[in-house]
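Quick note: residue numbers are just sequence positions, from 1. Start at 1 and go down the list; that is how both ligands and their atoms are numbered. Values reported hereafter were calculated over all heavy atoms of this structure, with side chains retained and with hydrogens, waters and symmetry mates removed. Quick caveat: nothing in here was measured; it's all calculated off a predicted structure.
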Amino acid sequence: MRLKDLLKYEKITLQCHDNPDADAIASAYGLYLYFKSKKKDTSIIYGGRNEIQKTNLKLLVEKMRIPMLFCAERDLYFRGLLITVDCQDGESNVTHFDSDALAIIDHHQVDGSAIKNRELTDIRPELGSCSTLVWDLLNQEGVDANNNIKLSTCLYYGLMTDTGNFIEAKHPLDKDMRDSLKYDKPFINQLINSNISLKELEIAGIALIRYVYNRDNRFAMIHAKPCDPNILGLISDFLLQVDVIDTCVVFNETPDGYKLSTRSCIREARADELIEYLTKDVGDGGGHLDKAGGFISKHKYNVIYKDMDIDSYVGMTMNRYFASNETLDASELDINDGSFKKYVKRSATMGVLDLTNLWDIGTPVTVRTRAGDVNTKIDPKYYVMMDASGKAYSISRDRFTKCFKLTGEAYHNDTDYIPTLRNRLSGESRGLEKYIKNCISIKKSYVMAKELEKQVKFFSSWDEESYSLGNKGDYIVARTDDKNDLTIVTREVFMNNYEKC
Ligand SMILES: [Mn+2]
């Protein structure tokens with residue numbers, strides 16, 4: 001769906017979810033400015049029981065002069081197009097209003113049943129915020145948010161608050177928006193310093209004295225009362241400072257699920273992995289080694305854990321995480337002990353990139369793909385290689401010439417994001433579509449590999465800070481030309497890329 005496709009409607013109403021948050025307000029505001037600029041009769045509404053009360057949100061709406069209309073009545077009919085923004089009609093936190101036509105612009109997980117008209121729907125659950133989605137839609141129409149500081153500030157704050165200070169922003173588009181927006185810093189600071197009400201201070205205080213501590217695994221958990229999700233992060237940051245607490249999880253209930261925040265200060269447990277473990281099959285989450293956040297959908301939870309209350313689930317899952325995790329150090333393994341078998345790599349097309357075509361030698365740059373960010377410097381001795389999932393790494397020109405040849409075809413990527421290169425000195429960013437060339441390996445490459453019989457935390461010889469989690473059925477892989485270079489490869493990737501000799 002393109003925004004210009006919606007211009008056939010003369011009257012457009014943007015509806016935020018009840019109790020709108022900063023992301024809903026910012027997203028609606030971005031769309032409002034676009035439709036207003038096209039001379040449409042546009043308004044922003046929200047329903048529910050309460051008008052906006054939080055200080056930071058009131059400040060945002062007042063300072064930016066966002067015309068938010070509170071509709072206390074339920075039986076309203078909107079002529080023209082109604083767009084639910086940062087939410088979907090039919091959800092419990094969205095007051096239903098009738099309209100001539102309905103569109104959805106959202107980034108939440110769907111169960112799919114509610115969507116009647118896919119042509120008027122853009123739902124991208126992979127994005128950290130609806131603000132990112134609106135920013136992308138505006139870019140598609142040639143609208144640069146940086147031409148309006150009010151808009152850029154709103155979008156920045158929307159992403160920031162929806163991703164726990166950017167911790168959960170894992171899609172490259174989220175990072176692109178964060179890095180490119182020129183926002184009003186003093187105002188963002190003012191918002192940060194009016195984030196908590198006295199009522200929420202009390203909620204946080206009560207939460208802190210109701211901790212549950214697990215002595216065996218040195219973790220703490222807290223089930224907080226409903227509050228702004230950002231407060232969960234504050235509580236967990238505080239908890240982690242306790243001497244006997246190594247990891248923690250703080251969570252609370254929302255209308256359609258549970259928000260969770262995890263923290264870790266030890267090498268043996270990663271916060272982002274804890275959140276993935278806690279939300280596996282019932283939601284999603286992400287973050288960094290030390291901080292992460294996520295969401296469990298009630299809909300999905302009830303399918304699997306209907307008879308279990310959330311406290312038991314979180315406690316049980318945390319214990320299971322610690323119980324099932326053994327550590328495995330690369331230095332303890334001997335690939336010649338007979339347990340490793342020889343495999344050959346299937347030839348696959350890859351992308352190759354010569355960074356010297358983009359900026360001067362020595363420039364610090366970030367290669368951004370769907371698989372993540374890789375920081376490097378432009379060096380004439382190296383190329384950057386990319387696989388179909390976007391995973392990028394550098395390769396010496398010598399090695400490339402020995403092992404690969406260009407196919408002459410266009411590079412194709414299986415993901416929803418075209419890789420970009422960001423100049424870390426100037427902040428400039430360029431799409432890499434026309435610079436990446438397709439190549440194929442000409443040498444057979446062999447590995448030694450061993451299937452994992454149980455879940456392990458694997459510590460490689462080259463990264464002392466963190467580990468990768470290997471699940472039962474995944475493989476430990478050693479490149480035969482470098483016996484120290486052991487990595488974990490997921491079962492799916494291994495099966496797709498290697499075959500037994
Ligand atoms: Mn949102």
Side-chain angles (χ1 to χ4, degrees), residues 14-32 44-48 52 54 56-57 60-61 64 66 68 83-95 103-111 114-115 121-138 145 151-171 173-178 181 188 191 195 226-233 252-261 275 279 283-287 292-299:
L14 303 156
Q15 183 186 357
C16 299
H17 51 77
D18 305 353
N19 297 309
D21 58 7
D23 184 39
I25 296 169
S27 307
Y29 182 54
L31 295 169
Y32 173 85
I44 308 176
I45 63 149
Y46 64 100
I52 294 171
K54 278 200 70 171
N56 56 336
L57 298 178
L60 182 73
V61 169
M64 301 295 165
I66 304 173
M68 301 288 298
I83 311 178
T84 60
V85 182
D86 192 36
C87 61
Q88 292 160 42
D89 179 53
E91 288 176 324
S92 56
N93 64 334
V94 185
T95 302
I104 302 170
I105 294 179
D106 188 23
H107 72 121
H108 292 93
Q109 295 272 359
V110 244
D111 66 29
I115 299 166
T121 299
D122 195 346
I123 300 170
R124 298 191 220 164
E126 65 276 15
L127 296 179
S129 72
C130 192
S131 298
T132 315
L133 173 50
V134 167
W135 177 76
D136 191 44
L137 290 169
L138 291 174
L151 172 60
S152 57
T153 305
C154 284
L155 293 174
Y156 185 85
Y157 190 60
L159 176 63
M160 180 181 145
T161 50
D162 244 35
T163 56
N165 282 324
F166 305 111
I167 291 165
E168 296 157 47
K170 53 184 177 179
H171 196 278
L173 271 186
D174 294 322
K175 297 178 201 162
D176 281 346
M177 180 172 95
R178 177 199 64 197
L181 286 177
I188 292 286
L191 290 170
N195 189 24
C227 61
D228 189 292
N230 288 292
I231 292 161
L232 299 179
N252 71 3
E253 193 171 349
T254 70
D256 50 349
Y258 304 92
K259 281 288 290 180
L260 300 93
S261 166
I275 203 76
T279 59
D284 71 331
F295 180 74
I296 289 177
S297 130
K298 273 185 192 163
H299 179 75

Name of the Asp23 N, O or S atom nearest the Mn ion (ligand 1)?
-> OD2
For the Mn ion (ligand 1), the closest N/O/S atom belonging to Asp162 = OD2
Taking both backbone and side chain into account, is any N, O or S atom of Asp21 nearer than 2.8 Å to the Mn ion (ligand 1)?
-> no
Determine which pairs satisfy salt bridge (charged side-chain N to carboxylate O under 4.0 Å, His left out) with at least one residue from residues 153-169, sequence neighbours left out, and list them in order.
-> Glu168-Lys259
Below 2.8 Å, any N, O or S contact between Cys130 and the Mn ion (ligand 1)?
-> no
Just wondering, is there an N, O or S atom on Asp106 that's nearer than 2.8 Å to the Mn ion (ligand 1)?
-> no
Consider only side-chain N and O atoms of His17 and Asp86, and report whether a donor and an acceptor are under 3.5 Å apart.
-> yes
Roughly, to 10 degrees, what angle do His107 atom NE2 and Asp86 atom OD1 form around the Mn ion (ligand 1)?
-> 80°
Looking at Asp23, Thr132, Ile123, which hits side chain to side chain contact (heavy atoms under 4.5 Å, CB included) with His107?
-> Asp23
Which is it for Tyr156 and Phe166 under the side chain to side chain contact (heavy atoms under 4.5 Å, CB included) test, yes or no, and what are the steps along the way?
-> CA-CA 10 Å; Tyr156 185 85; Phe166 305 111; 3.5 Å; yes
Going by atom types alone, do Asp89 and Thr84 pair a side-chain donor with an acceptor below 3.5 Å?
-> no
